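Read the structure below first, then the notes.
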Amino acid sequence: MHLAQKLKAVDDLVRSSSCPPVRLIAKPHLSIARRLPEPVYTKAMFSYSQKHFMSPLWLAICDFLRRAHQFDNCKTINIFPFAPGAQPWSEVA
């Protein structure tokens, strides 16, 4: 959410170019283990859904993606690198 607020300047630039507004993801997710067998996934979700995790998040790059529909594959529009050694953008809970 903090990153989305910081990207408002990008949205302002996009809108000033007569483009549709940027739609930022309100609830981003991070895939850790893809294609787990269903029993393993169910067991892991039961175990870890009751735990609280918090860690700083350092971003090296920010990819801007686009897709036509919710279940389409994303297409990379642009990649923005961040300054080396930059501080974390936010705390991830």
Side-chain angles (χ1 to χ4, degrees):
M1 298 300 264
H2 180 69
L3 178 57
Q5 291 171 351
K6 295 291 185 183
L7 289 174
K8 184 175 179 335
V10 173
D11 185 38
D12 293 341
L13 176 65
V14 168
R15 287 176 189 237
S16 71
S17 301
S18 301
C19 294
V22 172
R23 288 185 294 165
L24 299 171
I25 299 170
K27 294 184 178 182
H29 78 275
L30 175 64
S31 297
I32 295 174
R34 291 186 178 180
R35 298 180 188 92
L36 287 176
E38 187 175 348
V40 174
Y41 174 82
T42 303
K43 184 177 179 182
M45 286 302 294
F46 178 77
S47 176
Y48 288 101
S49 66
Q50 304 302 315
K51 296 182 182 188
H52 179 77
F53 298 93
M54 185 173 226
S55 176
L57 172 66
W58 282 271
L59 299 177
I61 60 170
C62 184
D63 293 0
F64 281 80
L65 308 173
R66 180 189 310 195
R67 62 182 175 190
H69 301 287
Q70 180 179 358
F71 297 107
D72 285 350
N73 289 329
C74 291
K75 176 183 173 189
T76 300
I77 302 302
N78 205 341
I79 298 174
F80 295 94
F82 292 116
Q87 295 297 313
W89 278 90
S90 63
E91 292 289 324
V92 177

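Side chains included, hydrogens not; waters and symmetry mates left out as well; all remaining heavy atoms used. Just so it is clear, the structure is predicted and the values come from calculations on it, not from any experiment.
In this structure, K51 forms a cation-pi arrangement with Y48, its terminal cationic atom sitting closer than 6.0 Å to the ring centre and no more than 45° off the ring axis.
The shortest side-chain heavy-atom distance between T42 and P39 does not fall under the 4.5 Å cut-off.
The two residues L65 and I77 make their nearest non-hydrogen contact at C-CG1, 4.1 Å.
With hydrogens and angles ignored, the 3.5 Å screen pairs a side-chain donor or acceptor of S49 with a backbone N or O of M45.
No more than 12 heavy atoms of other residues, nucleotides or ligands shown are found within 6.0 angstrom of CG on N73.
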